> 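Got a structure here, written out as structure tokens. Questions coming.
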Amino acid sequence: MKYVKSYVPYHSPFDPCPPIGKKYYRTPPHLYMTFQPYNLPQFSPQEALKKGTLWPALYDYYENPYDRRS
Amino acid sequence: MWIYEKKLQYPVKVSTCNPRLAKFLVEQYGGADGELAAALRYLNQRYTIPDKVIGLLTDIGTEEFAHLEMIATMIYKLTKDATPQQMRDAGLDAHYANHDSALFYHNADGVPFTAAYIQAKGDPIADLYEDIAAEEKARATYQWLIDMSDDPDLNDGLRFLREREIIHSLRFREAVEILKQERDQKVFF
Amino acid sequence: METNLPAEYYQLLEELQAVDFVLVELTLYLDTHPNDTASIQQFNHYAQERKKLKKAIESKYGPMQQYGNSYSGTPWDWNKAPWPWQV
Ligand SMILES: [Fe+2]
């Protein structure tokens, strides 16, 4: 996914937790749009409400990127 | 003036009686990057900013109050009917001792809300950059909340709120572009 | 107070929430794009839609706004539960 970025933090043999692997961060779509252009395609009103925006170009679904471990 | 409307901006649902989730959700109620701080920050900046962006600050500030009501609803539903025992087991013992299940403007650590969270420099660019940063910090907070919550209905509402921060951030960026323009010159797309 | 609202209430409410959401999005958008006439037209269209929906909800479930932005029944029905966070 284009808006998900990651890096691998340095892991020392003296770090007590097992390495988390990749550490994730987001660069959502608005960062690539200085000024929203006219006439972008739109969601229907019902869908827009569900998604939290009227414009698919600005929609960024978020999910926990990490494994569950307890 | 403001008019209250008897409806939530988005239908808030929670799946389980889980006061533990309320304990960290309160970060967005009375925390530094929470919805109360956002609403007060934007509405307060309106008095010292060019006319061109006062409408935007008013409208985003007003929407933040709708988000505050959504967060309040989540906390209300997660703690409503919870017994003192359940509150204690959820780590809300200190909260219960002080407030019963009343909502209180504090962050997830229990630090009371303070006006120091709301910057107002009086410089339009400094203030708008502050707002952009605030939106990104709120977006990040929603991500960390979703990461920790396993309540699908709650996460649905939190995703809506996170997406709103993206839109708000874009609008504040556009406001900066508008202020950069020469007077009366149209923004070119 | 316990009232079991009919499924229709939630459905009507969500219709209004959807239309109002479009209006919020377009409001913020127009705040920074004041010359986008197509969006202004769309805005005015949905502003009319929301009037109809508000009327439909209020005729069955009571006023959504007060200070005179809605009519009142008799007796005064603004205080009637449920409130938004209760439903
Ligand atoms: Fe926001």
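Throughout, a chain's letter reflects where its sequence line sits, starting with A, and its residues are numbered from 1. Computed from a predicted structure; not experimentally measured.
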> Please flag which part of B:K77 lies under 4.5 Å from any non-hydrogen atom of chain C: side chain, backbone, both or neither.
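The answer is the side chain of B:K77.
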> Check whether C:Y10 gets within reach of chain B through its side chain, its backbone, both or neither, counting any heavy atom under 4.5 Å.
neither
> Let me know if C:P34 has heavy atoms under 4.5 Å from chain B in its side chain, its backbone, both or neither.
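Neither; nothing under 4.5 Å.
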> More than 12 heavy atoms of other residues, nucleotides or ligands under 6.0 Å from CZ of B:R88: is that the case?
no
> Drop me the distance from C:Y29's OH to B:L170's CG, to the nearest 0.5 angstrom.
10.5 Å
> Taking atom CG of B:D51 as the centre, report whether more than 12 heavy atoms of other residues, nucleotides or ligands fall under 6.0 Å from it.
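Not more than 12 within 6.0 Å, no.
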> Using side-chain heavy atoms (C-beta onward) and a distance below 4.5 Å, is B:E63 in contact with C:L28?
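Contact flag for B:E63/C:L28 side chains = yes.
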> Can you pull out the residues in residues 67-75 of chain C with any heavy atom less than 4.5 Å from chain B?
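Heavy-atom contacts from residues 67-75 of chain C to chain B are C:Y67, C:N69.
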> Between B:R164 and C:E25, is the closest basic N to carboxylate O distance under 4.0 Å?
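Yes, this pair counts.
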> Would you say that C:I57 contacts B:K7 through its side chain, given a criterion of any heavy-atom pair below 4.5 Å between the two side chains?
no
> Quick check on C:E14 against chain B: is it the side chain, the backbone, both or neither that has a heavy atom closer than 4.5 Å?
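Contact with chain B: side chain only.
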> Given that the side chain runs from C-beta out, which part of B:F172 has a heavy atom under 4.5 Å from chain C: side chain, backbone, both or neither?
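For B:F172, there is no contact with chain C at all, as no heavy atom is under 4.5 Å.
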> Can you check whether C:H33 reaches B:R171 side chain to side chain, under 4.5 Å on heavy atoms?
yes
> Search all heavy atoms of C:Q17 against all heavy atoms of B:L8 and return the closest pair with its distance.
NE2-O, 2.8 Å
> Measure the shortest side-chain to side-chain distance between B:Q9 and C:D20 over non-hydrogen atoms and say whether it is less than 4.5 angstrom.
no
> Using a cut-off of under 4.5 Å for heavy-atom pairs, which of B:I60, B:D59, B:V53, B:T58 has the most such pairs with chain C?
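That would be B:D59.
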> Would you mind telling me which of C:K54, C:Q86, C:Q66 has the largest number of heavy-atom pairs within less than 4.5 Å of chain B?
C:Q86
> When only pairs under 4.5 Å are counted, which of B:H168, B:M1, B:K6 shares the most heavy-atom pairs with chain C?
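Heavy-atom pairs under 4.5 Å are most numerous for B:K6.
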> With a 6.0 Å cut-off (strictly less than), is the heavy-atom count around OH of B:Y117, excluding the residue itself, greater than 12?
yes
> Could you check whether the rings of C:W83 and B:Y4 sit parallel, tilted or perpendicular, using 30° and 60° as the cut-offs?
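C:W83 and B:Y4: tilted rings.
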